[in-house]
Amino acid sequence: MAGRKPGDNDRMGALPGLLGRALPPTLLAMLCAAWTTYPAFLDGKHVLIGDWRHPDMLSNHWLYCWVARQLATGDSIVHNMDYYQPIGDAPYLAGNAGDAPVYALLQALLPASFSWPGSLTLWVFMVVFFNVIAAYGLCRTFGAGRNSSLFGAATLGIFAYAAHELCGARFSQLPIFGILTFLVLWTRFLERPSPLRALPAGVVLGCTAMLYWYYGLWAAWMGVLLGLAWLLSGIRGKASPIRLVAALRWGFFMGGVALLTAAPLLWLFMSHWADIPGSGDASFPNPLAFTSSLPLTFTLYASSFTERGEVLLSLAALALALLGLWKSDDWKVRGLLAIALVFYGLALGPEILLPGGSSTGIPGPFNLAYGGAEVLRRYWWPYRHVLGLAISVAVLAALGLDRLLQKLPPGASLLLPWLLVALLPVDLELRGGRSTPAMTWWEAPEVYEELGELEPGAVLELPLAPELVTGQQSLIYQLIHGKALVNGHAMWVDRVRPPAWDRWVQENSFLNRIQEYERGEPMDGRFAFEPGDMRDLLEQDIRYLVVNAEYFPKALYGLVDRYPVIFGGLFGEPVLRWQDQFYVWDMQRYSGAPGVDAPLFTLPVNYRETDGNRMLDLGHNRSLGFRGLTRLFPPQLPPGGAPGTAGEAHPDGQPVGEALPVEPVEQGSSWGAPDRGPTHQPGPWMGAPQENPAGPSFQAPLPLMEPPAQSEDARQIQPIPPLQVPPAPPAQEDLRDPTLSSRPPARGEESEEAFPPLGLPSRDSPVETEGVQTRDDSKASPGEQVQ
């Protein structure tokens, strides 16, 4: 046993030939991909990867669908006119869907019946598969044996960071195979410099940058650190100066190839730089960089300050990595150590934080790395640098496992790596991390299909006041009805909304009055505006005004009650309606009146205050089309029909989907979401609720008016039940704000005990059929609320 060398464990119990070399990593890659996408790959029509309450999730799904459709029809992906009518925006240039064109190619090759969301699940499955294969190749390139490389590859396949990013459907952060493949090619180049080895390394580096700009930058940094380690080793070993100069020359050639490969996309971005939301933000470091920084101990446990379980690394991998470093004099190992230290420092953010979250005041290397150029100052997410550390740890762990297997019986060399792989998710989950992303059940509500069948015209979905928007469901519903939206993506983030759109809204008295009313601003009981501004909207083909109660959480329920009074007086009866939850008015039926009497609506001051970067913590109402999904085996999927489709009593209740960790949610790429930071209020199973002294206090909802009789051409989803506010049940504890316990309950509000403990409510669940049924998201865990 003492005479065995590193890598000798490869041959112990392995199958002969190519099958023996290819089967284990292929099987591992399949298992990791299936683990990540389960149970989405079981149902390609109804299960989405990610948590629908996460503001990034639905908008990113929409973005990939939009890019695929634009490329399929030969249209540009530079400018979008499907929302923020009549201005539009540039979502692809925001940089959060660099791999969307590759997904679009995959979608084009698939049968027409295999569309979103199944096609996007397949894309995620393929990316995880390639990540594992590339990680295995990197471990082998650095000298690890075949069996030990399996564990190294698995640490990047069952990866808390990847699972976290997928919770928000940030798919562009998932393809790390580009970085890994470049490091394989670059290491082989350094071992034997030549133009034939520099060329493919440069092409892969350029393609990595095209998939995600910052991954291309990080891969280049890792290459430089490896190159410095190789150069110092050569100088110490008194290598030939001619060989060193030749390597430097071909190294610069590789960099030129990378720039040339990425040049077309680079030109596209730079020529439209002014169109990218947030590109003019001169503040550095951005406040978001502080809230997304990691404490010194982030590699070991989830700090109570940051709840950073999404960046945890396997304890077994960390221990084996130390063993891999022990008394090693290989330049490749020293290069990996340099990468680990540099990226660990960058993950600490602008200032070094102690485990409890308090700042030491010591500047971190993040400021030096990103403060020198405007394009780099837009990067605000230090925690993502854990990726560089994880890559180094994975390879070093494989090398350390090699050393360990030398001291064990031959049979252990086959069994121990697989045992460690099986323990990876257990390790992460027990320590507060996650090994799999959240999942969402989805089915298209029929009311939006009916909206799509109406005559052409753009749709205005309320609320219109940006700070009161609490989700992105309208974007996915836009895929159903196919009409352009006046509203847009991430409206609550000031620098994401096109300034021209803000000016357009302010200059139109009707739209401006809607925003004022939603903010509770005084208007002396009269919803008044200039009739000419309504005609301007109609001339711009803005036709349908939609009120969907799922967009209005507790603090805004009064608006849902009052809108039929206001818009019924202006546009008559709705052309579409489902119960008292969904209304569509045709603005072409405008009566011509300059205004209408409006019931008073007030909103507390604390709900009107926003810093332009964060979503107000208003919670969620029950959704027509989305549900959280538990990851059971076998998964509990709803039987048959869709929850929340028209013509059915919509099952209410509190979804039991998995909780997301508290995080500063991305908005820095301009295609993101607000920073929630550590201000989240924990759910009942995560600790005591935080106090909210200035909680919502508003007038009780007014009884809905009985609508006038439907005209012959009015569209109706189902018979309209009598409109009434049910009597108030006994006050229930509200974990968000104790002051709410005395308010009249939301329409159809029921107790949690009425709902099944696991899975989604079935169609046969007892439900209230009158009025809007709501769920209380203040009782959900922080991750289940919008972040």
Distance in Å, [X] [atom1] paired with [Y] [atom2], rounded so as to fall on 0.5 Å steps:
{"X": "R69", "Y": "I77", "atom1": "CZ", "atom2": "CD1", "value": "12.5 Å"}
{"X": "S435", "Y": "L312", "atom1": "OG", "atom2": "CG", "value": "11.5 Å"}
{"X": "L180", "Y": "L156", "atom1": "CG", "atom2": "CG", "value": "6.0 Å"}
{"X": "L419", "Y": "L414", "atom1": "CG", "atom2": "CG", "value": "11.5 Å"}
{"X": "M254", "Y": "L199", "atom1": "CE", "atom2": "CG", "value": "11.0 Å"}
{"X": "L408", "Y": "L401", "atom1": "CG", "atom2": "CG", "value": "8.5 Å"}

Considering the options T121, N60, L120, T36, which one meets the side chain to side chain contact (heavy atoms under 4.5 Å, CB included) requirement together with I49?
-> T121
Partner of R334 under side chain to side chain contact (heavy atoms under 4.5 Å, CB included), chosen from I339, L232, D329, L325 = D329
Apply side chain to side chain contact (heavy atoms under 4.5 Å, CB included) to the pair R384 and R170, showing each step before the final yes or no.
-> CA-CA 12 Å; R384 285 188 180 155; R170 293 194 285 259; 3.2 Å; yes
Taking the side chain as C-beta and beyond, is there a heavy-atom pair between [X] and [Y] under 4.5 Å?
{"X": "W331", "Y": "L231", "answer": "no"}
{"X": "W250", "Y": "R197", "answer": "no"}
{"X": "F129", "Y": "F177", "answer": "no"}
{"X": "V342", "Y": "L225", "answer": "yes"}
{"X": "P25", "Y": "V132", "answer": "no"}
{"X": "Y64", "Y": "S172", "answer": "yes"}
{"X": "R146", "Y": "Y136", "answer": "yes"}
{"X": "F171", "Y": "L166", "answer": "yes"}

Please verify the inter-ring angle class for [X] with [Y]; under 30° counts as parallel, over 60° as perpendicular, anything in between as tilted.
{"X": "F41", "Y": "F125", "answer": "perpendicular"}
{"X": "F269", "Y": "Y92", "answer": "tilted"}
{"X": "W218", "Y": "Y215", "answer": "tilted"}

Evaluate whether atom CH2 of W418 has more than 12 neighbouring non-hydrogen atoms of other residues, nucleotides or ligands under 6.0 angstrom away.
-> yes
Does R188 CZ have over 12 foreign heavy atoms under 6.0 Å away?
-> no
Show your reasoning for whether side-chain hydrogen bond (donor to acceptor under 3.5 Å, both in side chains) applies to W380 and S292.
-> CA-CA 8 Å; W380 308 322; S292 62; over 6 Å; no
Keeping the roles fixed (side chain from [X], backbone from [Y]), state whether a donor-acceptor pair exists under 3.5 Å.
{"X": "T440", "Y": "G50", "answer": "yes"}
{"X": "S233", "Y": "A229", "answer": "no"}
{"X": "R403", "Y": "W326", "answer": "yes"}
{"X": "N131", "Y": "L174", "answer": "yes"}
{"X": "W116", "Y": "C65", "answer": "no"}
{"X": "R431", "Y": "L313", "answer": "yes"}
{"X": "D427", "Y": "L423", "answer": "no"}

Can you name the closest pair of heavy atoms from [X] and [Y] and give their distance?
{"X": "V311", "Y": "A160", "value": "N-CB, 4.4 Å"}
{"X": "L323", "Y": "G400", "value": "CD2-O, 3.2 Å"}
{"X": "L205", "Y": "A219", "value": "CD1-CB, 3.6 Å"}
{"X": "L296", "Y": "L348", "value": "CD2-CD1, 3.8 Å"}
{"X": "F189", "Y": "A247", "value": "CZ-O, 3.6 Å"}
{"X": "P200", "Y": "L185", "value": "O-CD1, 3.7 Å"}

Stepwise side chain to side chain contact (heavy atoms under 4.5 Å, CB included) test for V204 and V184 = CA-CA 10 Å; V204 170; V184 169; over 6 Å; no
For the rings on F298 and Y344, is their centre-to-centre separation under 6.0 Å?
-> yes
When the ring centroid of W381 is compared with that of Y214, is the distance short of 6.0 Å?
-> no
Any chance you could lay out the side chain to side chain contact (heavy atoms under 4.5 Å, CB included) test for L190 and W186, step after step, and finish with the verdict?
-> CA-CA 6 Å; L190 293 173; W186 179 242; 3.6 Å; yes
Listed pairs under 3.5 Å, donor-acceptor, residues 102-109 side chains, sequence neighbours left out:
{"unit_1": "Y103", "atom_1": "OH", "unit_2": "Q107", "atom_2": "OE1", "d": "3.2"}
{"unit_1": "Y103", "atom_1": "OH", "unit_2": "S119", "atom_2": "OG", "d": "2.7"}
{"unit_1": "Q107", "atom_1": "OE1", "unit_2": "S119", "atom_2": "OG", "d": "2.6"}
{"unit_1": "Q107", "atom_1": "NE2", "unit_2": "F114", "atom_2": "O", "d": "3.2"}

Give the C-alpha distance, both sets of side-chain angles, the deciding distance and a yes or no for side chain to side chain contact (heavy atoms under 4.5 Å, CB included) between L183 and V395.
-> CA-CA 11 Å; L183 292 177; V395 180; over 6 Å; no
